[in-house]
Amino acid sequence: MTRTEPAGTPLGDDFHLYDTTLRDGAQREGISYSVADKLAVARLLDELGVGFIEGGWPGAMPKDTEFFARAAAGELTLKHAVLVAFGSTRKAGVKAAEDPQVRALLDSQAPVVTLVAKSDVRHIERALRVDVDEACAMVEDTVSFLVGEGRRVFLDAEHFFDGYAYDPDTALRVLDAAGRGGADVVVLCDTNGGQLPLGLAETVREVADRTGLRLGIHCQDDTSCAVANSIAAVQAGATHVQCTANGYGERAGNADLFAVTGNLVAKLGMEVLPSGGAAELTRVSHALAEIANIAPDTHQAYVGSSAFAHKAGLHASAIKVDPLLYNHIDPALVGNDMRVLVTEMAGKASLELKGRELGVDLAGRPEALTNAVRKVKDLEAEGWSFEAADASLELLLRREVAGTDGTPLGEPPFTLESYRVVLDHRPDGEVIAEATVKVHVGGERVIATAEGNGPVNALDAALRQALLPHLSWLDSVELSDYKVRILVNHQGTDAVTRVLIESSDGEQEWTTVGVHENIVEASWLALRDAIVHKSLRAGTLTP
Ligand SMILES: CC(=O)SCCNC(=O)CCNC(=O)[C@H](O)C(C)(C)COP(=O)(O)OP(=O)(O)OC[C@H]1O[C@@H](n2cnc3c(N)ncnc32)[C@H](O)[C@@H]1OP(=O)(O)O
Ligand SMILES: CC(=O)C(=O)O
């Protein structure tokens with residue numbers, strides 16, 4: 001840990017953006033960070049510019065103890081954030097200085113300690129099995145001991161809102177004990193996540209008036225209100241907000257750091273990140289999802305890839321005039337991008353905007369636009385889907401432009417005469433597919449045969465064999481993903497198959513679609529578009 005500010009002081013101490021991804025986030029079912037993961041998460045959060053990083057509970061589990069040891073040994077150099085160790089107050093009837101859990105917090109060498117304490121009388125009496133006097137003494141003793149050892153201490157008042165509603169005096173006594181012990185912030189926790197914003201804000205205001213203590217907020221997401229509750233608490237006077245990356249956390253999760261930060265920055269105008277930090281929100285969110293090994297939520301507010309994706313034609317028509325008419329902020333503010341999706345819901349404006357994105361100029365070409373809209377709607381009704389197949393859509397748009405105003409699209413560098421695929425179930429049980437293609441390329445008729453582990457693989461191999469001597473760039477192209485969806489009884493017809501093929505040449509990726517009753521033909525259509533699209537990029541379409 002190397003920082004220039006005094007221990008325990010983040011850049012700008014009047015508001016705390018406090019991250020608990022490595023502690024509460026790790027309590028999410030399915031997450032298991034290694035120590036190396038934890039160090040990587042902390043580095044990313046620090047790059048983003050959060051004020052505090054709660055690294056875990058030293059002494060409770062070996063990985064967390066090792067994380068703090070390695071951080072202290074120099075493996076974690078924090079530019080913005082202060083590292084926090086989390087743990088509970090001393091046990092009943094034990095001196096704080098002699099409680100091994102408390103000693104582990106000191107040993108972690110973290111400059112800040114967040115202590116969890118029960119503030120609901122029912123928990124104090126039934127779970128801790130002590131009276132309120134002893135519960136308060138556990139808090140005050142532990143806080144004052146750690147403060148005496150030079151630590152900055154925050155107190156997480158567990159179950160505060162439920163406890164305050166049931167027995168406000170006890171809940172407030174616990175906070176006062178923390179204040180007397182020297183805690184800098186008392187954090188009101190909605191541990192069961194059952195609060196709603198108006199009531200929660202009212203309580204925060206009341207507690208601020210009654211205690212005069214600096215308040216923080218920690219919200220679980222069991223009512224899907226954790227972000228709203230956190231923002232309401234800040235508006236009611238909390239100056240310390242605890243969140244986790246992408247809302248990871250116990251049960252339904254916690255307040256999402258990225259949505260909370262987006263709201264604080266974009267809606268409340270609060271500079272809670274260093275300059276340029278907000279524009280890193282999307283990148284950091286996705287990088288942290290990668291480390292957690294959880295697919296990013298495409299619909300996540302602010303940072304999801306669909307957060308600024310517009311499908312409805314009416315939206316696109318207004319966006320064409322001014323993107324802010326249908327976006328609540330400029331997506332660039334949080335490092336995200338706006339996208340227009342083209343589907344059966346598209347109108348002319350959607351296609352014109354999408355064309356702009358794909359480099360196909362449809363402005364001033366009303367006939368091409370009208371035809372393209374009709375074609376997209378007709379094809380989507382047959383089961384095609386262009387939403388995720390930009391490369392096929394680009395070819396469709398280019399063909400329409402070529403068809404209506406004579407702008408040459410160019411012909412693909414090959415034409416198919418025929419293909420044949422057979423499956424061979426061999427005596428040893430192995431199933432081999434064999435494909436033969438007959439194509440015309442470079443002025444020649446070429447026949448090629450190849451085997452594969454399935455019909456599409458064999459077809460792809462045979463096609464490559466036929467085309468490679470003429471189209472050397474094909475060598476770099478590989479089929480990186482293949483998705484099949486059977487659309488049963490689509491529009492009252494028999495089942496049709498939709499195939500999406502993602503291709504890559506090491507530099508770019510593009511996706512194409514094919515639809516047919518027959519899976520091999522659907523695959524062929526997507527495969528053909530993939531190669532034609534690459535031909536377009538490689539400049540090998542013949543005029
Ligand atoms: C709301 C939250 O999410 S807080 C964070 C919770 N996180 C975790 O629990 C993850 C890490 N936890 C652990 O590794 C273990 O539970 C440990 C090491 C902390 C404790 O393990 P054990 O000693 O085996 O106790 P166990 O987990 O069974 O029970 C917790 C004990 O702490 C006591 N306790 C609970 N909260 C507090 C508190 N705020 N202050 C003091 N003691 C507490 C309980 O009364 C219970 O005591 P008991 O053993 O005398 O009955
Ligand atoms: C401290 C904590 O994680 C909670 O009360 O939910």
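In listed order, ligands and their atoms are each counted from 1.
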Proximity flag H123 to ligand 1, non-hydrogen atoms under 4.0 Å =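 Distance cut 4.0 Å: H123 fails for ligand 1.
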
Which protein non-hydrogen atom lies closest to [atom], naming both residue and atom, and how far is it?
| atom | result |
| --- | --- |
| atom 39 (N) of ligand 1 | V116 O, 3.0 Å |
| atom 5 (O) of ligand 2 | T191 OG1, 2.6 Å |
| atom 13 (C) of ligand 1 | A60 CB, 4.1 Å |
| atom 1 (C) of ligand 2 | D156 OD2, 3.4 Å |
| atom 40 (N) of ligand 1 | T89 OG1, 2.8 Å |
| atom 2 (C) of ligand 2 | H218 NE2, 3.4 Å |
| atom 36 (N) of ligand 1 | K118 CE, 3.4 Å |
| atom 37 (C) of ligand 1 | L128 CD2, 3.7 Å |

Heavy atom of protein inside 4.0 Å of [atom], strictly below:
| atom | answer |
| --- | --- |
| atom 50 (O) of ligand 1 | yes |
| atom 20 (C) of ligand 1 | no |
| atom 26 (P) of ligand 1 | no |
| atom 47 (O) of ligand 1 | yes |
| atom 17 (C) of ligand 1 | no |
| atom 32 (O) of ligand 1 | yes |
| atom 3 (O) of ligand 1 | yes |

Within 45° of the ring axis of Y166 and under 6.0 Å from its six-membered ring centre, is that where the NZ or CZ of R122 lies?
->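 Output yes; distance and angle both within limits.
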
Below 4.0 angstrom from a heavy atom of [X], which ligand 1 atoms are there? Numbered from 1 as shown, please.
| X | answer |
| --- | --- |
| R23 | 2 (C), 3 (O), 4 (S), 5 (C) |
| T191 | 1 (C) |
| F86 | 4 (S), 5 (C) |
| K91 | 31 (C), 32 (O), 47 (O), 48 (P), 49 (O), 50 (O) |
| Q101 | 18 (C) |
| M61 | 11 (C) |
| R90 | 41 (C) |
| A127 | 45 (O) |

For ligand 2, does K118 get within less than 4.0 Å through its side chain, its backbone, both, or neither, judged by non-hydrogen atoms?
->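 Within the 4.0 Å criterion, K118 makes no contact with ligand 2.
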
For ligand 2, which part of H159 has a heavy atom less than 4.0 Å away: the side chain, the backbone, both, or neither?
->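 It is neither part, as no heavy atom is under 4.0 Å.
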
[Y] and [X], any side-chain heavy atoms less than 4.5 Å apart:
| X | Y | value |
| --- | --- | --- |
| R339 | S306 | yes |
| D481 | E509 | no |
| N254 | H218 | yes |
| D176 | L213 | yes |
| R498 | V513 | yes |
| Q220 | R251 | yes |
| V187 | F160 | no |
| D37 | N293 | no |

Numbered atoms and elements of ligand 2 in range of [X], under 4.0 angstrom, heavy atoms:
| X | result |
| --- | --- |
| R23 | 1 (C), 2 (C), 3 (O) |
| Q220 | 6 (O) |
| D24 | 3 (O) |
| E158 | 5 (O) |

What do you reckon, are the aromatic ring centroids of Y33 and F67 less than 6.0 Å apart?
->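 No: the rings miss the under 6.0 Å criterion.
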
With ring centroids as reference points, do H286 and F258 lie under 6.0 angstrom apart?
->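 They do not qualify: ring centres at least 6.0 Å apart.
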
Could you state the interatomic distance from CG (L115) to CZ (F145), rounded to the nearest 0.5 Å?
->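 It is 11.0 Å, given to the nearest 0.5 Å.
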
Salt bridge check: are [X] and [Y] linked by an N-O gap of less than 4.0 Å?
| X | Y | result |
| --- | --- | --- |
| K91 | E98 | no |
| R283 | E280 | yes |
| D64 | R23 | no |

Which is closest to atom 1 (C) of ligand 1 by heavy-atom distance: M138, E250, E158?
->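 Nearest heavy atom to atom 1 (C) of ligand 1 lies in E158.
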
Nearest heavy atom to atom 38 (C) of ligand 1 wins, so pick from A92, A157, S88.
->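 When every heavy atom of A92, A157, S88 is considered, S88 comes closest to atom 38 (C) of ligand 1.
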
Can you find an N or O of W57 that's nearer than 3.5 Å to an N or O of ligand 1?
->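 Between W57 and ligand 1 (N or O atoms, distance only) the closest approach is not under 3.5 Å.
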
Looking only at side chains, do D156 and Q242 share a donor and an acceptor under 3.5 Å apart?
->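 The answer is yes; a qualifying pair exists.
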
Judged by modelled atom types alone, do D184 and H240 share a side-chain donor-acceptor pair under 3.5 Å?
->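 Absent: no donor and acceptor within the cut-off.
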
Carefully, step by step, assess L273 and L281 under the rule side chain to side chain contact (heavy atoms under 4.5 Å, CB included).
-> CA-CA 10 Å; L273 290 176; L281 287 170; 4.2 Å; yes

Is there a heavy atom of Q27 sitting under 4.0 angstrom from any atom of ligand 2?
->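 No.
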
Applying a 4.0 Å heavy-atom criterion (strictly less than), which segment of A117 is in contact with ligand 1: side chain, backbone, both, or neither?
->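 The part of A117 near ligand 1 is the backbone, not the side chain.
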
Just do the side-chain hydrogen bond (donor to acceptor under 3.5 Å, both in side chains) check on T114 and Y18 with the steps written out, would you?
-> CA-CA 11 Å; T114 293; Y18 181 110; 2.7 Å; yes

Relative to the ring of H315, is the ring of H310 parallel (under 30°), tilted (30 to 60°) or perpendicular (over 60°)?
->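 Because their plane-to-plane angle lies in the 30° to 60° range, the rings of H310 and H315 count as tilted.
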
